[in-house]
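A short worksheet on the structure shown next.
Here is how names work: the chains are called A, B, and so on, in the same order as the sequence lines, proteins then strands, and each is numbered from 1.
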There are 2 protein chains.
Amino acid sequence: MTTGQDTRAQGGTGRTRGRPRSFDRATALEKALMAFWEHGYEATSVSDLTRVMGIGAPSLYAAFGDKRTLFDEVVRVYAGSHGAFTDRALAEEPTARAGVARMLREAAAEYTDPAHPHGCLIVHAATNCTSPEVETLLRDMRNANITAIEARIRADVAAGLLPAGTDAAALARHTGAMIQGMSQQARDGARREELEALAEIAMTIWPHD
Amino acid sequence: MTTGQDTRAQGGTGRTRGRPRSFDRATALEKALMAFWEHGYEATSVSDLTRVMGIGAPSLYAAFGDKRTLFDEVVRVYAGSHGAFTDRALAEEPTARAGVARMLREAAAEYTDPAHPHGCLIVHAATNCTSPEVETLLRDMRNANITAIEARIRADVAAGLLPAGTDAAALARHTGAMIQGMSQQARDGARREELEALAEIAMTIWPHD
DNA sequence: AGATTTACCTAGCGATCGCTACAGAAAAAC
DNA sequence: GTTTTTCTGTAGCGATCGCTAGGTAAATCT
């Protein structure tokens, strides 16, 4: 058996044969997420992981595959939870401008939340990484995020909500750089109010202010 | 002999006894700088270093001390060369605003220069680092840079070159976040013109524009 | 009950990490 | 020349890396 796939837990009543797992998979995954978030992919060793997850190495490999696969799942979970505020802001606000404003405001709060490591996992966890695949995985997510912002801005330009001459690409890249800069600032000890002031300032670059 | 200090090379004519070094120390140091710049402190192994520097491990330890000491020296060299443009811009331009504008413009060029790794060594090389001292070393340099910008802005406010209500701390932090964001963008593949557009946009936040 | 299936624990694999002991080689000092 | 000093190359130290074989424990199935 070489596949580490976990096909159980399909609804609660679906029982399985064999000895049941002695730990909660989701809880252990969350612990792994926190460790990767705090120290990054390479600097988090498998023995670090087994310690914070409270399980042995064979259990980790049986439940999550290898370290790389576990990290992939962690990134997926992160993108759908702590990292989902950017997509939500773009989708739920009526204009690109309001979406970006909310995105930056929420980033200030999220990146300095004392309940978890500071900054953004997708920005930092694969920096200085020996594995090019892992580095590329997060880089692509960062660039995709900027592309999504650009598309949202373009839509507003097309709808006449923004001036026709608006440089959507530059505006989107600026937003991405601000997010990444705020994440770095949060890691370097900036407080929430300071990042909120940053977000406020950053919004003044938008057309007709 | 436990001290790895190098007390030779005190002026060119000062000869020394014993077998002379078979490599140029400054050249080897520059190679180490490029390696650390590209892959960061931890991801650059000693065997990586000996390979790119073209010397054996004992020669490296004799000439530079241990890996950590070599990195310290690399950071010092970087700060005095590729990383000196920020201090130069603040010192040589007549106003804080002009200094920051030049700083961001030069960052766009420097961070995308094809002659060396992209982005800023001080921003990235100690991210996800097992050694807290190394991480702190670069973090302190980043924060000191922002403090220097803030001091330059304060001086202009005091001199009446900027409005009395100017929030120097927020303006300085914004500049720092932009620099760090631009460095990340450069690492993620942004081209020079794109970063220059970013710098242009970033300057529109300054008072009375 | 016995058989089967799955998970856990101990122990350790080969590879790499940062680093160094040791002996030979190349220069100056005598 | 011989001695002294310093550098270089080989070879390998102990520690940690990601990962797994093998035996035992705990559940279901017949």
- Query: When you measure from the side chain of Asp66(A), which nucleotide among dC19(D), dA28(C), dT6(C) comes out closest?
  - Reply: dC19(D)
- To the nearest 0.5 Å, atom OH of Tyr41(B) lies from atom CG of Asp72(B) at 8.0 Å
- Atom CZ of Arg17(B) to atom C1' of dA28(C): distance rounded to whole Å? 6 Å
- Query: How many angstroms lie between OG1 in Thr112(B) and CD in Glu194(B), if you round to the nearest 0.5 Å?
  - Reply: 10.0 Å
- Nearest to the side chain of Arg19(B) - dA25(C), dA27(C), dC8(C)? dA25(C)
- Query: When we call it a touch if two heavy atoms are under 4.0 Å apart, what does Thr44(A) touch: a base, just sugar-phosphate, or nothing?
  - Reply: sugar-phosphate
- Quick one: does NZ or CZ of Lys67(B) land under 6.0 Å from the six-membered ring centre of Phe36(B), within 45 degrees of the ring axis? no
- Could you check which of dT28(D), dA21(C), dC8(C) has an atom nearest any side-chain atom of Pro58(B)? dA21(C)
- Message: For dC8(C) and Ser59(A) - does any side-chain N or O of the residue sit under 4.0 Å from the phosphate oxygens OP1/OP2?
- Response: yes
- Message: Over all strands shown, is Ser131(A) touching base, sugar-phosphate only, or nothing at heavy-atom distances under 4.0 angstrom?
- Response: nothing
- Message: Can you see if the side chain of Ser45(B) gets near the phosphate of dC17(C) - specifically, an N or O under 4.0 Å from OP1 or OP2?
- Response: yes
- Item | Atom pair OG1 (Thr166(A)) and CZ (Arg97(A)), whose distance is rounded to the nearest 0.5 Å | 11.0 Å
- Item | Given dA7(C), dT5(D), dG18(D), the nucleotide with the shortest approach to the side chain of Arg21(A) | dA7(C)
- Query: Out of dG18(C), dT6(D), dT28(D), which nucleotide sits closest to the side chain of Lys67(B)?
  - Reply: dG18(C)
- Task: For dC17(C), take OP1 and OP2 only and decide whether either is under 4.0 Å from a side-chain N or O of Ser47(B).
- Result: yes
- Task: Please state whether the phosphate of dT20(C), meaning OP1 or OP2, lies under 4.0 angstrom from any side-chain nitrogen or oxygen of Tyr61(B).
- Result: no
- Note on the structure: Tyr41(B) OH to dC17(C) P, in whole Å, measures 14 Å
- Note on the structure: Walking DNA chain D from its 5' end, the first of Ala57(B) and Phe23(B) to be reached, judged by nearest nucleotide, is Phe23(B)
